[in-house]
Amino acid sequence: MNVLNKLLIAGLLAGSVATPVLAADTAQPAPQEKSYHHMDPAQREAWIAKRQQELHDKLKLRSNQETAWQRFATAWKPNLHEDFPSRDAIAKMSAPERMDLEVKHMKQHEIMMGQRLEALKTFYAQLAPDQKKVFDAETMPRHHLHDGAEGHEK
């Protein structure tokens, strides 16, 4: 497998894991609500903050766990790709330039995911067994489950 394929796979895997940890929600969004990926940045940030607060409350954290929680929550702030070029700028790029840009952003994303993983591991280590069960259940990426869908096991 060449390097580009590995990077593409890593990017897809990282993207599929990044958001669900904090954005996982047991309820389906109401039909009038925009999906997470179609929200404007302010809406997305508010939605994530709400989900973080719900998770925080369900975990019933002790005071000695708050510092680890704050580090964890900070590491999971959305990365809005503010430095990503405009659509017009991308349209002016050649195909190799666009691919170089994608690879650059995938590498940045991989670094961010590594930082999030470390924050997750540190926070998770602070949890009691009953809190770990709640955390595991609440952060299960619901939108990736396809109960019985072809090619997927339950």
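Computed from heavy atoms alone, side chains included, the values below leave out hydrogens, waters and symmetry copies.
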Novice: For L101 and M93, work out which heavy atoms get closest and say how close.
Specialist: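 Taking L101 first and M93 second, the nearest heavy atoms are CD2-CE, 4.0 Å.
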Novice: How long is the gap from CD on E102 to CD1 on I90, to the nearest 0.5 Å?
Specialist: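 Interatomic distance, E102 CD to I90 CD1, rounded to 0.5 Å: 7.0 Å.
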Novice: Between D100 and K104, does the side chain to side chain contact (heavy atoms under 4.5 Å, CB included) criterion hold? Intermediate values first, please.
Specialist: CA-CA 6 Å; D100 282 340; K104 173 187 165 199; over 6 Å; no
Novice: Quick one: closest heavy-atom pair of N64 and Q126, and the distance?
Specialist: O-OE1, 4.2 Å
Novice: Kindly compute the distance separating CG (L61) from CG (L55), expressed to the nearest 0.5 Å.
Specialist: 8.0 Å
Novice: Please evaluate residues K132 and Y124 with respect to the criterion side chain to side chain contact (heavy atoms under 4.5 Å, CB included), reporting the C-alpha separation (whole Å), side-chain torsions for both, the decisive distance (0.1 Å), and the verdict.
Specialist: CA-CA 7 Å; K132 287 179 180 180; Y124 196 82; 3.5 Å; yes
Novice: Once you round to the nearest 0.5 Å, how far does CH2 of W76 lie from CD of Q52?
Specialist: 10.0 Å
Novice: Suppose we screen for side-chain hydrogen bond (donor to acceptor under 3.5 Å, both in side chains). Which residues come up paired with S94, at least two apart in sequence or across chains?
Specialist: E97
Novice: Side-chain contact, heavy-atom cut-off 4.5 Å: R116 with L120?
Specialist: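 SC-SC contact between R116 and L120 ruled out.
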Novice: CD1 of I48 to CD of Q43: how many Å apart, nearest 0.5 Å?
Specialist: 12.0 Å
Novice: State, without any angle test, whether E110 and H105 hold a side-chain donor-acceptor pair at a distance under 3.5 Å.
Specialist: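 H105 and E110 do not have a side-chain donor-acceptor pair below 3.5 Å.
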Novice: State the CZ-CG distance between R62 and L127, to the nearest 0.5 angstrom.
Specialist: 8.5 Å
Novice: Going through the checks in order, is the side chain to side chain contact (heavy atoms under 4.5 Å, CB included) test met by F123 and T67?
Specialist: CA-CA 9 Å; F123 175 64; T67 301; over 6 Å; no
Novice: I'd like to check I111 versus K107 (side-chain heavy atoms, cut-off strictly below 4.5 Å). Are they in contact?
Specialist: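 Heavy-atom side-chain distance check fails, nothing below 4.5 Å.
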Novice: Do Q131 and Q65 have side-chain N/O donor and acceptor atoms under 3.5 Å apart?
Specialist: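 Yes, Q65 and Q131 have a side-chain donor paired with an acceptor closer than 3.5 Å.
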Novice: Out of curiosity, F72 CZ to F135 CZ, how far, rounded to the nearest 0.5 Å?
Specialist: 4.0 Å
